[in-house]
Amino acid sequence: MTEPRRILLVNGHPDAGEHHLIHTLIEAYAEGAQSAGHALRRVDVAALDFPLLRSQHDWEHGALPPSLQGAQDDIAWAQHLVLFFPLWLGDMPAVLKGFLEQVARPGFAFKKGGDNPFGHKGLTGRSARVIVTMGMPALLYRWYFRAHSVKSLERNILGFVGIAPVHQTLIGMVEQLGEAGVAKWRARLRRLGEQAA
């Protein structure tokens with residue numbers, strides 16, 4: 001039995017107006033986590049109103065938009081983060097990237113150490129899972145495209161601020177899944193939620 005953990009579910013789908021496979025997967029993960037006694041919080045990135053960062057100065061010295069303070073507090077609270085998003089043009093949707101740029105600011109995601117402005121990773125002690133849906137076969141994305149955008153997220157954002165280990169779940173050919181395929185993935189996500197994995 002997995003010891004109860006604090007889990008943050010981050011919905012990175014940019015469409016807040018429609019129900020997508022991502023929402024079904026989030027619900028399955030949440031059901032499993034709640035059944036196992038884990039504590040859950042959620043961030044729906046598409047429902048947040050925030051500006052894009054446009055300068056290094058703003059990122060280093062500007063204030064976190066008030067609309068993102070709750071999300072940053074949730075990240076600080078969490079022991080395990082689960083990021084869900086569809087692959088758009090080979091990468092995470094822009095709104096999710098903009099969100100991560102805003103919340104992963106100096107002083108929170110990392111702290112200055114001596115002469116090194118990135119000296120201390122501020123989010124160590126947390127693990128993560130990245131769950132990505134896509135139209136292409138997942139094996140093609142993993143082996144031919146080398147899962148480049150997911151690896152970049154793992155290395156250049158999550159790993160950069162101290163989140164490790166980071167695991168990935170790639171779900172391909174989503175338009176051809178059908179009811180049986182969706183049910184299979186629901187069951188898998190429910191098990192991951194139970195395990196806080």
Side-chain angles (χ1 to χ4, degrees), residues 4-16 22 26 29 33 38-132 145-170 196-197:
R5 300 186 78 196
R6 299 187 305 273
I7 303 172
L8 177 62
L9 306 180
V10 179
N11 177 2
H13 200 295
D15 185 358
I22 289 286
I26 291 170
Y29 190 102
H38 302 296
L40 282 183
R41 291 187 186 176
R42 300 180 192 217
V43 171
D44 186 352
V45 175
L48 300 172
D49 184 20
F50 59 89
L52 296 178
L53 282 168
R54 298 188 181 271
S55 72
Q56 180 178 348
H57 183 270
D58 188 20
W59 182 64
E60 291 177 350
H61 305 289
L64 178 73
S67 61
L68 295 181
Q69 186 61 61
Q72 201 178 67
D73 293 344
D74 290 340
I75 293 168
W77 166 86
Q79 296 171 303
H80 183 62
L81 289 82
V82 188
L83 288 82
F84 298 79
F85 61 89
L87 197 68
W88 278 27
L89 295 176
D91 208 339
M92 74 179 87
V95 70
L96 178 58
K97 178 70 161 51
F99 167 80
L100 293 172
E101 288 174 357
Q102 282 282 16
V103 296
R105 287 172 175 264
F108 173 72
F110 50 88
K111 297 171 175 57
K112 189 172 182 176
D115 292 334
N116 183 353
F118 312 117
H120 301 291
K121 297 179 181 202
L123 297 176
T124 57
R126 291 162 182 80
S127 58
R129 178 169 294 274
V130 178
I131 299 174
V132 185
F145 293 103
R146 304 194 182 272
H148 61 90
S149 58
V150 173
K151 288 182 180 174
S152 176
L153 169 62
E154 292 174 4
R155 180 185 58 246
N156 300 337
I157 299 176
L158 301 175
F160 184 72
V161 300
I163 297 173
V166 178
H167 298 287
Q168 55 183 246
T169 299
L170 306 178

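Only heavy atoms go into these numbers, but all of them, side chains included; no hydrogens, no water, no symmetry mates.
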- [ ] Please test V82 against V130 for side-chain contact (heavy atoms from CB on, under 4.5 Å), starting from the C-alpha separation and ending with a verdict.
- [x] CA-CA 6 Å; V82 188; V130 178; over 6 Å; no
Task: Derivation of the side-chain contact (heavy atoms from CB on, under 4.5 Å) call for H80 and R129 - done: CA-CA 8 Å; H80 183 62; R129 178 169 294 274; 4.2 Å; yes
Measure the spacing between [atom1] of [X] and [atom2] of [Y] and express it to the nearest 0.5 Å.
{"X": "E60", "Y": "L53", "atom1": "CD", "atom2": "CG", "answer": "11.0 Å"}
{"X": "H61", "Y": "R105", "atom1": "NE2", "atom2": "CZ", "answer": "11.0 Å"}
{"X": "S127", "Y": "Q79", "atom1": "OG", "atom2": "CD", "answer": "8.0 Å"}
{"X": "T169", "Y": "I131", "atom1": "OG1", "atom2": "CD1", "answer": "5.0 Å"}
{"X": "L83", "Y": "L158", "atom1": "CG", "atom2": "CG", "answer": "6.0 Å"}
{"X": "S152", "Y": "K97", "atom1": "OG", "atom2": "NZ", "answer": "7.5 Å"}

- [ ] Give the C-alpha distance, both sets of side-chain angles, the deciding distance and a yes or no for side-chain contact (heavy atoms from CB on, under 4.5 Å) between N11 and V45.
- [x] CA-CA 6 Å; N11 177 2; V45 175; over 6 Å; no
- [ ] Evaluate the side-chain contact (heavy atoms from CB on, under 4.5 Å) criterion for residues L9 and R41: first the C-alpha distance (whole Å), next the side-chain angles of each, then the deciding distance (0.1 Å), finally the verdict.
- [x] CA-CA 6 Å; L9 306 180; R41 291 187 186 176; over 6 Å; no
Considering all heavy atoms of both residues, which atom of [X] and which atom of [Y] are nearest to each other, and what is their separation?
{"X": "R42", "Y": "D74", "result": "O-OD2, 4.2 Å"}
{"X": "F84", "Y": "I22", "result": "CB-CG2, 3.8 Å"}
{"X": "V10", "Y": "F99", "result": "CG1-CE2, 4.3 Å"}
{"X": "Q168", "Y": "E154", "result": "NE2-OE2, 2.7 Å"}
{"X": "Y29", "Y": "A197", "result": "OH-O, 3.0 Å"}
{"X": "P14", "Y": "W88", "result": "CG-CH2, 3.2 Å"}

Do [X] and [Y] have side chains that approach each other closer than 4.5 Å (heavy atoms only, starting at C-beta)?
{"X": "L87", "Y": "S149", "answer": "yes"}
{"X": "L100", "Y": "L153", "answer": "yes"}
{"X": "F50", "Y": "V95", "answer": "yes"}
{"X": "F160", "Y": "L123", "answer": "no"}
{"X": "K111", "Y": "P106", "answer": "no"}
{"X": "Q102", "Y": "P51", "answer": "yes"}

Open item on the list: Just checking W59 against F108, ring centres under 6.0 Å apart?
Closed with: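 No, ring centres 6.0 Å or more apart.
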- [ ] Output yes when a side-chain donor or acceptor of R126 lies under 3.5 Å from a complementary backbone atom of A164, and no otherwise.
- [x] no
Task: Any donor-acceptor pair under 3.5 Å from S67 side chain to L48 backbone - done: no
Task: N156 CG: over 12 foreign heavy atoms closer than 6.0 Å - done: yes
